[in-house]
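Notes to accompany the following structure.
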Amino acid sequence: MHYYSLNKQAPNVSFREATIQGQAPDKGLYFPETIPTVDPLIIKNCNDYTREELAMLVMQPYVGDTIDEKSLFRIVSETIGFDFPLVKVNEQISSLELFHGPTLAFKDVGARFMSRCLGYFSQQATGKVTVLVATSGDTGGAVANGFLGVEGVEVVILYPSGKVSPVQELQLTTCGQNIKALEVSGSFDDCQAMVKDAFMDTDLNKALQLTSANSINVARWLPQQLYYFFAYQQWQDKEQAPVIAVPSGNFGNICAGLLAHISGLPVKHFIAACNVNDAVPEYLRTGNYAAKTAVPTISNAMDVGSPSNFIRIMELFGNKYETIREKISGYTVTDETTRQTIADVYHQYGYILDPHGAVAYHALQEYLSGHPREAGFILETAHPVKFPDTVEAMIGKKIEVPASAQHLFGLEKKSISMKASFADLKEWLLNG
Ligand SMILES: *Cc1c(COP(=O)(O)O)cnc(C)c1O
């Protein structure tokens, strides 16, 4: 399998090079030359396969011969080494809980797969790689945890000071070793702009082998397909494909689901659920796409004004608005509705949503009210304990911190303060 740049001004590369580079030299996103299909018989009989077997079937064509089979099996097994339960909330709506990994968010899957691939490639004399990543909250923790102790890889995480939750901040600032956290006095968009400038900078690219761990990296984006397959294994009514609602920010997660669907996974319809940062729902409604300036919300991991993976979705559908609209509907959900949804779902069904899952839940509920014979699930992308202020106020009780996160509160935060200035970032990266 080779990958081409969506800007079409760079040579095609293997999975190995696409992973190491992150972005193509022409600043385009890498995209697979062909979309592999999964044998329909395998999908029909998916419950005869273990999760590891399915994961190998899905990932192997994308990786090609850049990772030997035995190593790939180890990498996928470690990547998916926790539960992905599909939990019924009511007759029509279930929740695919993607928060049972080490940092309590779905980003663990992509970060674990990517870190292990980079670790594998760096053993083969690639030289030291520096992963540079901006986070609005969850990426930082997942990347820090996934890359901790991986030889040959240095990780630098930029996060907006005061704009991530306490658990999120602890997850990304307490690792030490090869993980450095830069606390930027600015917004997530400022952090993202600094990272983008760094990838464009000639001096930095001469001095360091820089790569990104955002979902623009194919090694983070592609493995997110896996849990859509695991969900289908658990989907009871195989006669009727599910509607899937994905809380979306940079659109990497939903784009992976679309890829899985094009490979053969049965999905009735996709719902792109956004907070008021809704450039894509706006496009789906009007046919006009315009990036926006991000506005802060209570579902902060989705506060993205210009979603990086939108261009990959366009490519998947041959850039045809009508085709995209048939498969995806967009919804915009305000903070007020998000809060109300958390309260309602808790009081009606005893299920605790996090703000991101609540955005998806409301969107799915809206959609299903117009399609009463259909059923579906949301992707519950983070554990509610990551957003305690919002959630506890709505459900009227404390959320228990899962055992896997309790140790964090005894650790010391270590961050490096920085102004929202690319010049300062460059100076620090070059001279420490
Ligand atoms: C990152 C994140 C999202 C958005 O995912 P994208 O792939 O960027 O669309 C949604 N929810 C949570 C909790 C996240 O951390």
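Order of listing sets the numbers, starting from 1, for every ligand and every atom in it. No experiment lies behind these values; they were computed from the predicted model shown.
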- Measure the distance from atom 8 (O) of ligand 1 to every protein heavy atom, then report the residue, atom name and distance (to 0.1 Å) of the closest one.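 Result: N250 N, 2.8 Å.
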- Task: For atom 12 (C) of ligand 1, find the nearest protein heavy atom and state the residue, atom name and distance (0.1 Å precision).
- Result: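 Heavy-atom neighbour on the protein nearest atom 12 (C) of ligand 1: T381 OG1, 3.3 Å.
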Counting each atom of ligand 1 from 1 as listed, which ones have a heavy atom of [X] under 4.0 Å away?
{"X": "A382", "value": "13 (C)"}
{"X": "P247", "value": "4 (C), 10 (C)"}
{"X": "G252", "value": "6 (P), 7 (O), 9 (O)"}
{"X": "N253", "value": "7 (O)"}
{"X": "D138", "value": "12 (C), 13 (C), 14 (C), 15 (O)"}

- Message: Ignoring hydrogens, what is the shortest heavy-atom contact between R285 and D278? Give both atom names and the distance.
- Response: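 Smallest heavy-atom distance, with atoms named: NH2-OD2, 3.2 Å.
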- Parallel, tilted or perpendicular: which fits the ring planes of Y283 and Y289, with parallel below 30° and perpendicular above 60°?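 Plane angle over 60°, so perpendicular.
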- If the plane angle is over 60° it's perpendicular, under 30° parallel, otherwise tilted; pick one for Y367 and H269.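 The arrangement is parallel - the two ring planes meet at less than 30°.
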- Item | Main-chain N/O of P36 paired with S263 side-chain donor or acceptor, under 3.5 Å |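 Present.
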- Message: If we ignore hydrogens and angles and just use 3.5 Å, is the side chain of N309 paired with the main-chain N or O of R312 as donor and acceptor?
- Response: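 No, because the side chain of N309 does not come within donor-acceptor range (under 3.5 Å) of the backbone of R312.
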- May I ask you to decide whether D354 forms a salt bridge with K386, counting only side-chain N to carboxylate O separations under 4.0 Å?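 Not counted as a salt bridge, because no side-chain N and carboxylate O are separated by less than 4.0 Å.
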- Task: Report yes or no: does a heavy atom of S248 sit under 4.0 Å from some atom of ligand 1?
- Result: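 It does; at least one heavy atom falls under 4.0 Å.
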May I ask you to check if ligand 1 and [X] share an N or O to N or O distance below 3.5 Å?
{"X": "D354", "answer": "no"}
{"X": "G249", "answer": "yes"}
{"X": "F106", "answer": "no"}

- For a side-chain contact (heavy atoms from CB on, under 4.5 Å) with T139, tell me which candidate from N250, V133, T103, I157 qualifies.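 Considering N250, V133, T103, I157, a side-chain contact (heavy atoms from CB on, under 4.5 Å) with T139 is found only for V133.
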- Message: Centre-to-centre under 6.0 Å for F188 and Y159, is that the case here?
- Response: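 Ring centres of Y159 and F188 not closer than 6.0 Å.
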- Under 4.0 Å from ligand 1, counting heavy atoms only, is it the side chain of K107, its backbone, both or neither?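 Within the 4.0 Å criterion, K107 contacts ligand 1 through side-chain atoms alone.
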